[in-house]
Amino acid sequence: MAKFVYLYTGGQMAETPEAQEAAMQEWTNWFGTLGDSVANIGNPFGAGSTVSNGGVSNGGGSKLGGYSIINAESLAEAADKANECPVLRSGGTVEVYEALAM
């Protein structure tokens with residue numbers, strides 16, 4: 001079993017407290033369908049900076065919104081598990097990467 005990182009991009013933030021609560025419930029329900037595959041539910045990202053050899057600039061260049069870590073047998077299985085992610089319904093994407101052992 002390998003570990004895969006889900007990187008969430010895009011999507012829309014719910015505008016009202018009621019809509020935010022409903023969105024959180026969608027995420028909770030989705031993680032529930034993944035069961036023991038969830039190694040680390042992760043977190044949303046806040047403000048960021050981009051660091052390069054030219055210095056530091058405000059804001060992340062990739063517009064990532066958060067991450068999770070999932071266990072799966074293959075990249076294809078990990079990507080398939082992301083098909084029902086709530087961020088997809090609001091116009092976002094899920095990038096899936098295998099976390100290689102070091």
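If you're wondering where the values come from, they're calculated on a predicted model, not measured in any experiment.
Counting heavy atoms from C-beta outward, Glu15 and Gln20 have side chains that stay 4.5 Å or more apart. In this structure the side chain of Phe4 never reaches within 4.5 angstrom of the side chain of Ile69, judged on heavy atoms. Inter-residue side-chain proximity for Thr9 and Lys63 is flagged as unmet; no heavy-atom pair is nearer than 4.5 Å. Considering only heavy atoms from C-beta on, Val56 stays 4.5 Å or farther from Thr50 through its side chain. Residues Val87 and Thr93 are not in side-chain contact: their nearest non-hydrogen atoms beyond the backbone lie 4.5 Å or more apart. Inter-residue side-chain proximity for Val94 and Leu7 is flagged as unmet; no heavy-atom pair is nearer than 4.5 Å. Residues Pro44 and Tyr67 have side chains not in contact (no heavy-atom distance under 4.5 Å, counting atoms from C-beta outward).
One N or O on the side chain of Glu77 and one on the backbone of Glu73 form a donor-acceptor pair closer than 3.5 Å.
A 6.0 Å sphere centred on CG of Asn58 holds no more than 12 heavy atoms belonging to other residues, nucleotides or ligands. Within a 6.0 Å sphere centred on CD of Glu98, heavy atoms belonging to other residues, nucleotides or ligands number more than 12.
Phe45 is not connected to Met24 by any chain of hydrophobic side-chain contacts under 4.5 Å among Ile, Leu, Val, Met, Phe, Trp and Tyr, and they are in different clusters. Note on Val96 and Ile41: same hydrophobic cluster, where clusters join Ile, Leu, Val, Met, Phe, Trp and Tyr whose side-chain heavy atoms are under 4.5 Å apart, directly or indirectly. Leu88 and Phe31 fall within the same hydrophobic cluster, where Ile, Leu, Val, Met, Phe, Trp and Tyr residues are linked whenever their side-chain heavy atoms come under 4.5 Å apart, directly or through other members.
The distance from atom CE of Met1 to atom OG of Ser37, rounded to the nearest 0.5 Å, is 6.5 Å. Between the CG atom in Asp80 and the CG atom in Leu75 there is a gap of 11.0 Å [rounded to 0.5 Å]. Distance check: Ile70 CD1 to Lys3 NZ gives 10.0 Å after rounding to the nearest 0.5 Å.
In plain terms, the two heavy atoms of Ala82 and Tyr6 that are nearest each other are N-OH, 3.5 Å. Summarising the geometry of Lys81 relative to Ala72, their closest heavy-atom pair is CE-CB, 4.3 Å, with the distance given to 0.1 Å. The heavy-atom pair separating Glu84 from Arg89 by the smallest distance is O-NH1, 3.4 Å.
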What verdict does the side-chain hydrogen bond (donor to acceptor under 3.5 Å, both in side chains) test give for Tyr8 and Ser68, after you've listed the backbone C-alpha separation in whole Å, the side-chain angles of each residue and the deciding distance to 0.1 Å?
CA-CA 8 Å; Tyr8 308 111; Ser68 298; 2.7 Å; yes
